[in-house]
Number of protein chains: 2
Amino acid sequence: GRIRRGGVCAAVAIEKEVPENERPETFLRSADPAAVSTSVRARFEKMIRDVQDEVCAALEAADGTGKFKEDVWSRPGGGGGISRVLQDGTVFEKAGVNVSVVYGTMPPEAYRAAKGNTGADNEGAKAGPVPFFAAGISSVLHPKNPFAPTLHFNYRYFETDAPKDAPGAPRQWWFGGGTDLTPSYIIEEDVKHFHSIQKKACDKFDPTFYPRFKKWCDDYFYIKHRGERRGLGGIFFDDMNDYDQEMLLGFATECAKSVVPAYIPIIEKRKDTPFTEEHKAWQQLRRGRYVEFNLVYDRGTTFGLKTGGRIESILVSLPLTARWQYDHQPEVGSEEWKLLDACINPKEWL
Amino acid sequence: GRIRRGGVCAAVAIEKEVPENERPETFLRSADPAAVSTSVRARFEKMIRDVQDEVCAALEAADGTGKFKEDVWSRPGGGGGISRVLQDGTVFEKAGVNVSVVYGTMPPEAYRAAKGNTGADNEGAKAGPVPFFAAGISSVLHPKNPFAPTLHFNYRYFETDAPKDAPGAPRQWWFGGGTDLTPSYIIEEDVKHFHSIQKKACDKFDPTFYPRFKKWCDDYFYIKHRGERRGLGGIFFDDMNDYDQEMLLGFATECAKSVVPAYIPIIEKRKDTPFTEEHKAWQQLRRGRYVEFNLVYDRGTTFGLKTGGRIESILVSLPLTARWQYDHQPEVGSEEWKLLDACINPKEWL
């Protein structure tokens, strides 16, 4: 029932992902030595798929009626993914929880874009296709109630293969990710709870992690043209490879496993809070800012759009509905004003 | 009552535009020889300000109750603008009609970005601040009724000064602009009327203009990641300087003066058409595509966001409300499907 989409773009898209009827046990190729169950690749895949199951089960339980719809896809070049979306439930307007595990070769420009501007650039100098492996879980949860905050989390692992002509060459690898909270209204108890769970996860590994990654999060989710952050932050890190690989795998796992205890108690408390049309309109306006950040600045989104990833999976992060009102200024001292102030001048919550 | 926005960005923004209480007679400096009423600069400013008045009067008359709110601003570096917005009227959800007339010096990178990739690049080679003049009218009109189409138009004139150290050097100048229609449902009679007015304006000047600028419009308003155009097109041209300057001023004027006869009759016919919740939801979904195009691809928007233009004026093009639904596929043969098909495979309407 799809309309034929003309031109090069459609041809690439068709080549890029194929719907599958069943979830495979693993997206790794069993012939690949890196696929043994003890490899970081295999353990990271297992972790993100377990977290996807856990988070989806917890969300369905909190929602009461909404059920996740699943799309499984594979990529002829290597790997695939599982997209799960719950739309128009009782509690959630739109909740997407996606995992993808892809590998193959990428053009040197794409490699540089994936790496971003941080980190050493010297190995980017030798141009040529780069064999890579990338796996991640990515999720945005938009509840209906304006007092229930939006949550975003994403944990990813990236590895380059040794090139075929130099099998002993050193591999590159790094971890990235974060969890952040975007309420429309500040309920301090909730924001403190959320940040304290992030800090607890960080502190198990390194006492410098929470302050560093809290600041990184405030800096990353910055809507430059507004001078505002998207929300009230959390933690964010990227291109992490300057610690022991096992330690970082453990850290990413701990963070991903903290999503349910950090978020579900807040949802349980706020999902039935009474609200007015004005509260809803303000939530919709903040959703507009969410769209602005994701389409203009978010590295994952803009990279995905440019490289022809699966559009429906990439844009599942956008809210079901959003609003843009000309020159809206909340009244000084109002609850809306307090939220905006905290987005403009990030606070320490703990 | 604004919240203090910290950092460099806010400081730049404050320097950039200052609210004014009154519209000046002209934004040009009277001491400037280029400000004489016979100059192209002065005539272009007069034209866009006349069109702003005409279009706003016609929209208020069609709306019945909504009134435009005006913001006048000036730029200490030179020039200023008039933003007019009608929000939540009877017929229009959001209608913005802005003019701006700015000049000063721009960094060479901004000059290259403003020029885009087309045209000769050789004069961009000599780096250094470029004295420039840029004037334009820009408008997006979003009606409430899902059978009444969104309209966008924009006409602009750009000129570089002769550099101070070479007063006799040749000036660069160019015209750009276009008018395009974005319905949620195809009413052929309306689309044909709209395109026939565009063709009539073009044909007065050059028989090649309509086919060329119709295609240019289809190519420009392309949402690459979707493989869809934003709407059903119209005309679009940019960097035009390979015709007589007077002829192009006349052409831009003719196009801008055609907005009212091209659009208002359609609004009058469709503003009270009965509709269902499903029609409204589909309109909201198409509005989501409008947001995607404007934030991801539109040159004016992305340039404005990057260079710290007046955010409220730039983003007035976004609809009041929009919607993103996961993996929405209209039923084959439905009215929604027909619109989508025409956005994917552009048609000749005349």
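Residue numbers begin at 1 in each chain, while the letters A, B, ... track the order of the sequences.
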If you measure from CD on B/Gln325 to CG on A/Leu315, what distance do you get to the nearest 0.5 Å?
14.0 Å
So which bits of residues 83-90 of chain B come within less than 4.5 Å of chain A, counting non-hydrogen atoms only?
B/Ser83, B/Val85, B/Gln87
Greatest number of non-hydrogen atom pairs under 4.5 angstrom with chain A, of B/Glu93, B/Lys94, B/Lys69, falls to B/Lys94
Test side-chain contact (heavy atoms from CB on, under 4.5 Å), reference A/Tyr326, set B/Asp71, B/Leu320, B/Leu318, output is B/Asp71
I'd like to know whether NZ of A/Lys347 has more than 12 heavy-atom contacts from other residues, nucleotides or ligands below 6.0 angstrom.
yes
Give, for atom CG of A/Leu295 and atom OG1 of B/Thr302, the distance between the pair rounded to the nearest 0.5 Å.
12.5 Å
Which value, rounded to the nearest 0.5 Å, describes the distance between B/His328 atom NE2 and A/Glu312 atom CD?
10.5 Å
Roughly how far apart are A/Thr301 OG1 and B/His225 NE2, rounded to 0.5 Å?
10.0 Å
Check this for me: B/Lys215, atom NZ, are more than 12 non-hydrogen atoms of other residues, nucleotides or ligands nearer than 6.0 Å?
no
I want to check something: taking the side chain as every heavy atom from C-beta on, are B/Ile311 and A/Glu292 in contact at a cut-off of under 4.5 Å?
no
